[in-house]
Amino acid sequence: RGLGNIQELSGTLVGLYDDTLFLSNYQEFMELSPRVVDPPRPRPVPPRFSEGVAFEGVSFRYHDTGRLVLCDVSLRVRPGEVIALVGGNGAGKTTLVKLLCRLYDPAGGRITLEGADLREYAAAEVRRQMSVIFQDYVRYFLSARENIWLGHHALAPEDGRVLQAARQAGADDLIRGLPKGYDTSLGHRFEGSVELSIGEWQKIALARAFLRDSQIIVLDEPTSSLDPLAEYEVFKTFRELLRGRSAILISHRFSTVRLADTIYVLEAGRVSESGSHAELLARGGHYARMFTLQARNYT
């Protein structure tokens, strides 16, 4: 009996030690201070942009690495303009978008919104003007209607704009074919839910982006999982979907990229080329080589 009590006590002490490891991690997390801080008196974000966004000599490195991810990057996104960011993996395309959303602040240079430094605005107000679909978009285990509605939750879930966004993203027929239509629970977490394919989830995510009432839409590999016909249907009316808003496209598919007014080619964190699709092809640089390599598979 004495030996059993000692073993029980030892096991309790070991459990307490394990718990203190979790508690120390929790305390470290609670003591973290945000690196992105709002100014004491933030500027109001204009309800409609007239100048747009500009990156002026922006450089950036993540705090845990010494390597510059972006180095002296300058580009502009004007109201109603579509730009595309092209480059290999690790070129800094997604990092540019994270800086635009003020998930981080640049280490050098500045990002301006309507001519004023982005850091002069409240981060939450800036983010309300961005509609971003990253490659690792979230799949919510909610109904199809709620999955789209979360893009603009100030609306009522039954608002007709939810259905309109689904039609714009090519998801309406998909959703209407589900057992309960827009009220069908998605995912595999709950009984009676329906799991979608990767391409079908991507249509839902696109609908969420189109619903949000923002002035800039950012699509990071927006059609990577869509079949060619679905991709064509989405981009056939892409300009109409934007309705005067600006768009930033990040894609390795040149059928998407060539829709942009201006294409910026990133290499090792720098802008090596910029121009329209036709201009970059005529220049015969890195963009032209990438396009030729991809096109060769179809000819």
Side-chain angles (χ1 to χ4, degrees), residues 47 82 94 97-98 101 103 123-251 253 255-256 259:
V82 179
T94 301
V97 174
K98 291 180 178 179
C101 297
L103 301 182
E125 293 301 315
V126 170
R127 291 169 191 154
R128 282 195 184 97
Q129 301 302 324
M130 311 288 174
S131 182
V132 185
I133 294 296
F134 287 111
Q135 297 179 58
D136 52 347
Y137 54 85
V138 179
R139 307 174 190 182
Y140 298 102
F141 296 131
L142 301 169
S143 70
R145 184 188 306 276
E146 290 167 327
N147 261 277
I148 300 172
W149 165 76
L150 284 172
H152 190 5
H153 54 75
L155 301 175
E158 294 77 20
D159 195 291
R161 281 172 282 185
V162 173
L163 276 65
Q164 182 183 358
R167 285 192 290 269
Q168 291 170 340
D172 184 60
D173 290 341
L174 159 69
I175 295 172
R176 291 186 184 280
L178 297 175
K180 297 181 182 179
Y182 279 82
D183 296 318
T184 303
S185 179
L186 303 183
H188 53 75
R189 187 65 55 88
F190 303 109
E191 186 177 353
S193 299
V194 175
E195 180 61 286
L196 303 179
S197 68
I198 295 176
E200 290 169 336
W201 273 114
Q202 194 161 43
K203 288 182 180 180
I204 300 292
L206 278 171
R208 193 158 57 236
F210 291 143
L211 177 67
R212 188 175 178 86
D213 186 19
S214 59
Q215 298 192 62
I216 298 177
I217 294 181
V218 182
L219 302 177
D220 190 350
E221 292 291 349
T223 58
S224 57
S225 300
L226 298 185
D227 59 74
L229 181 59
E231 181 189 41
Y232 170 76
E233 290 297 328
V234 169
F235 286 111
K236 183 172 62 175
T237 57
F238 188 64
R239 297 281 180 176
E240 297 174 19
L241 298 179
L242 292 178
R243 297 189 299 274
R245 295 181 285 183
S246 304
I248 301 175
L249 303 176
I250 302 174
S251 181
R253 297 171 86 165
S255 56
T256 301
L259 294 169

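Computed over heavy atoms, backbone and side chain alike; hydrogens, waters and symmetry mates excluded.
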Exercise: identify the closest heavy-atom pair between [X] and [Y]:
{"X": "E195", "Y": "H188", "result": "OE2-CD2, 3.0 Å"}
{"X": "S185", "Y": "F190", "result": "OG-CD1, 4.4 Å"}
{"X": "R176", "Y": "L163", "result": "NH2-CD2, 3.6 Å"}
{"X": "A166", "Y": "I175", "result": "CB-CD1, 4.3 Å"}
{"X": "I133", "Y": "A209", "result": "CG1-CB, 3.4 Å"}
{"X": "Y137", "Y": "Q202", "result": "OH-N, 3.5 Å"}

Less than 4.5 Å apart, any side-chain heavy atom of [X] and any of [Y]?
{"X": "L186", "Y": "L196", "result": "yes"}
{"X": "V82", "Y": "L259", "result": "no"}
{"X": "I148", "Y": "F210", "result": "no"}
{"X": "S131", "Y": "I216", "result": "no"}
{"X": "F134", "Y": "V97", "result": "yes"}
{"X": "V194", "Y": "K180", "result": "no"}
{"X": "K98", "Y": "V132", "result": "no"}

May I ask you to decide if [Y]'s main-chain N or O and [X]'s side chain share a donor-acceptor pair within less than 3.5 Å?
{"X": "Q168", "Y": "L206", "value": "no"}
{"X": "D220", "Y": "L249", "value": "no"}
{"X": "R128", "Y": "S214", "value": "no"}
{"X": "W149", "Y": "L155", "value": "yes"}
{"X": "R212", "Y": "M130", "value": "yes"}

First locate atom [atom1] of [X], then atom [atom2] of [Y], and finally report the distance between them rounded to the nearest 0.5 Å.
{"X": "S197", "Y": "L174", "atom1": "OG", "atom2": "CG", "value": "7.5 Å"}
{"X": "H152", "Y": "D213", "atom1": "NE2", "atom2": "CG", "value": "4.5 Å"}
{"X": "R208", "Y": "Y140", "atom1": "CZ", "atom2": "OH", "value": "5.5 Å"}

Are E200 and K203 ion-paired here, with the side-chain N under 4.0 Å from a carboxylate O? no

Evaluate the side chain to side chain contact (heavy atoms under 4.5 Å, CB included) criterion for residues R139 and I204: first the C-alpha distance (whole Å), next the side-chain angles of each, then the deciding distance (0.1 Å), finally the verdict. CA-CA 9 Å; R139 307 174 190 182; I204 300 292; over 6 Å; no

For the residue pair D183 / S143, report whether a side-chain donor-acceptor contact shorter than 3.5 Å exists. no

Without hydrogens or angle criteria, can the side chains of Y182 and D172 be said to hold a donor-acceptor pair below 3.5 Å? yes

